[in-house]
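Okay, structure first, notes after.
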Amino acid sequence: MENANNFTFENPEYRKMFWHTSSHVMAQAVKRLWPEVQLAIGPAIDEGWYYDFDAPFAFTPDHLKQIEGEMKKIVKERIKLERSEMPRAEAIAFMESRNEPYKVELINDLPEDAVISFYTQGEFIDLCAGPHLDHTGRLRHNGFKLTKACGAYWRGDSNRKMLQRIYGIGFPTKDELDEYLKRQEEALKRDHNKLGRELEYFTTVEEIGQGLPILLPNGSRAIQLLQRWIEDEEQKRGYILTKTPLMAKRDLYRISGHWDHYLDGMFILGDPHDEEKECFALRPMTCPFQYQVYLNKARSYRDLPLRYGETSTLFRNEDSGEMHGLIRVRQFTISEGHLVLRPDQLEEEFRGCLDLANYCLETLGLKEDCSFRFSQWDPAKAGIKYEGTPEQWELAQNTMKDILDNIGINYTVGIDEAAFYGPKLDIQIKNVFGKEDTLITIQIDMLLAQKFGMEYTDSDGQKKTPYIIHRTSMGCYERTLALLIEKYAGALSLWLMGTQVKVLPITDRAHACANELTQKLKDLGIRAEADCRSEKLGYKIREAQVKKIPYMLVIGDRDMENGTVSVRTRKGEDLGAMTPDQFIAKCLMEIATKSKEV
């Protein structure tokens, strides 16, 4: 760090060091209290840190309080953190002598030329690349809190041992910690993992498994409507609809490169190492499937661009510790598309993809919450994580940079965030807890078309290899639904609600009128229900508001006499009397315009 201003919490590098050091202080406290506990890993994360432990008991809230107390002592001791290095054999022997098998495994998995470094603070020493603060007193004894303990498989592998992960958060002052905890308390009220279940958007079942949510009627309807909207919009923009298999033989993934670069993230049907028997895999992406549509016949330069779109169900073997409601799942559906084009069409088509993404985000009210990341390769991982030559990557990344700069996008750069075949523009968004995920991606691919033998005959009669844009228009439907639930606290826009209108008769005399109006609304495509239970009107209204139903139509004797309904909203507003036709016109207009006002 170049100057004192960099030693502030606003600097992400310093913040990461602060939290990384906090994880070591927490691990030291655990080892002081229970020396038999074995250490796994303890990184800084987007907000705070965690450390994975192998303990002969389950960590409880009381244990976390004990750990916090010991951490405060370590902070007050102002212990220096000192870096050292060891040769591989010495490092392995050292960790074996300390009965730290997880550290031994990590050392064994390091590249042969890796520098093996340790950080020592008092009696505690940990395998770590760093960097760290200079001493534990840089933390504040009243500025941190351990937030939870949960299970986490070693190295995210469900076939390995289940460890215990303790999460923590810390700040330079108690006031900042208090503000953060207050925000978290508010975020809990909007957490889709809680609210989505309460409002019956989705549920999960232990016997089905992690990351495999069941969409309940409200969630199913919302995603159905989103899918229909996206498919219709893509059709208007010249996309060709495809429908391709959910699985393929490993041969297909070998051509694309996914077998080499993504095998651990795929669900395999068969033995991937047995070359004598057929082996299939559920698809983690659609691109190699849609390429077969292109390859179905010869193509001319006049045919391009070809825009293929598909509502794709995908499967990815995510780490169990990463599962979270609808945001991080193992089976999901996306608005996937691949554009096959000539090089001279690249910028115009890229702009079209971005325009579609912006339209979707603006319609849903999510645009203001998004940021842009230009995801690039890491040259140090050429041939390992990334395919292609440095020259090919330089061309692809410079081309994307020129396009982004021409458009005028304000973006950050993410090194080692690219796809294995090309750079990406990732549209990032945070959930209520501040965890960032990619919602939409637009990728430039100058490599895979050649691997699949995709060609077109150019105007000069020569065979040429096209470029490909991989893109999503709205991204993962499940993740989008989760973000909408959190942003609007479950009160989705009228057009997305499973039940849009509740008709509430005050007396038995109004039942027939209520049922007749409900049917009329249904016939016009408005999702309405009549509540003819023998409950008080106030109870029915409160129940409808809790369920976030946009409109309630109250029908009493005077309403029947006047041919009107009394209109109330989920926000508690009384819109007064309207004729059924007036309300229907209002409702249909809000649905057609996808209004977010109700």
Side-chain angles (χ1 to χ4, degrees), residues 1 13-14 16-45 49-56 70-71 74 77-139 152-157 159-166 260-261 263-264 319 321 377-386 390 415-416:
M1 297 186 183
E13 291 183 21
Y14 179 80
K16 186 176 180 180
M17 280 203 303
F18 190 96
W19 285 335
H20 194 182
T21 301
S22 299
S23 79
H24 277 226
V25 170
M26 182 176 78
Q28 183 178 14
V30 169
K31 292 292 282 187
R32 280 186 177 184
L33 292 166
W34 304 284
E36 70 277 15
V37 172
Q38 293 173 330
L39 305 175
I41 57 172
I45 53 178
W49 69 88
Y50 70 76
Y51 211 112
D52 289 347
F53 301 99
D54 189 352
E70 193 63 36
M71 289 175 68
I74 295 169
E77 291 172 22
R78 298 172 64 85
I79 305 170
K80 287 185 178 180
L81 282 88
E82 298 176 312
R83 186 180 183 278
S84 60
E85 296 177 6
M86 291 187 196
R88 180 182 298 270
E90 183 181 337
I92 291 172
F94 179 71
M95 280 300 170
E96 285 176 340
S97 71
R98 297 175 72 90
N99 191 29
E100 297 290 359
Y102 301 101
K103 302 296 182 181
V104 172
E105 181 177 329
L106 291 172
I107 295 169
N108 280 322
D109 287 349
L110 290 173
E112 286 299 323
D113 59 349
V115 174
I116 301 173
S117 59
F118 294 82
Y119 276 82
T120 302
Q121 57 198 58
E123 82 288 353
F124 179 78
I125 185 168
D126 201 357
L127 173 72
C128 185
H132 282 281
L133 304 180
D134 56 348
H135 64 81
T136 61
R138 297 290 183 190
L139 309 182
Y153 289 112
W154 170 231
R155 308 190 91 164
D157 185 346
N159 296 314
R160 305 293 298 274
K161 187 169 185 178
M162 174 70 78
L163 305 178
Q164 294 185 73
R165 177 172 295 177
I166 299 178
D260 294 327
H261 295 280
L263 183 61
D264 290 342
D319 292 344
W377 82 321
D378 181 353
K381 297 180 180 178
I384 302 171
K385 181 177 177 180
Y386 299 103
I415 301 298
D416 198 26

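Ile45 has its side chain within reach of Tyr50: a pair of non-hydrogen atoms, C-beta onward, lies under 4.5 Å apart. Put simply, the side chain of Leu81 does not reach to within 4.5 Å of the side chain of Leu133, judged on heavy atoms. Within the 4.5 Å cutoff, side-chain heavy atoms of Met86 are placed close to those of Phe118. Two residues are said to be in side-chain contact when any heavy atoms from C-beta on lie closer than 4.5 Å; Pro43 and His20 fail this criterion. Looking only at side-chain heavy atoms (C-beta outward), His132 and Met17 stay at 4.5 Å or farther from each other.
Remark: Lys31 NZ to Gln38 CD distance equals 7.0 Å, nearest 0.5 Å. The NZ atom of Lys161 lies 12.0 Å from the CH2 atom of Trp154; values are rounded to the nearest 0.5 Å. Atom CD1 of Ile125 is separated from atom CD of Gln28 by 11.5 Å, given to the nearest 0.5 angstrom. The distance from atom CD1 of Ile116 to atom CE of Met95, rounded to the nearest 0.5 Å, is 10.5 Å.
The shortest heavy-atom contact between Trp377 and Ala382 is CZ3-CB, 3.5 Å. Taking all atoms of both residues into account, the shortest heavy-atom contact from Ala114 to Leu110 is CB-CB, 3.9 Å.
Sorted by first then second residue, the salt bridge (Lys or Arg N to Asp or Glu O under 4.0 Å) pairs that include residues 118-131, not counting sequence neighbours, are Arg32-Glu123, Lys103-Asp126.
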Show, in sequence, the C-alpha distance, side-chain angles and deciding distance for Asp378 and Tyr386, and conclude whether the side chain to side chain donor-acceptor pair (under 3.5 Å) test is met.
CA-CA 8 Å; Asp378 181 353; Tyr386 299 103; over 6 Å; no
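Looking at Arg155 and Asp264, no side-chain N of the basic residue comes within less than 4.0 Å of a carboxylate O on the acidic one, giving no salt bridge.
Within the 3.5 Å criterion, the main-chain N or O of Ala380 finds no donor-acceptor partner in the side chain of Lys385.
Cation-pi geometry between Arg160 and Tyr153 is not met: the NZ or CZ atom fails to fall both under 6.0 Å from the ring centre and inside 45° of the normal.
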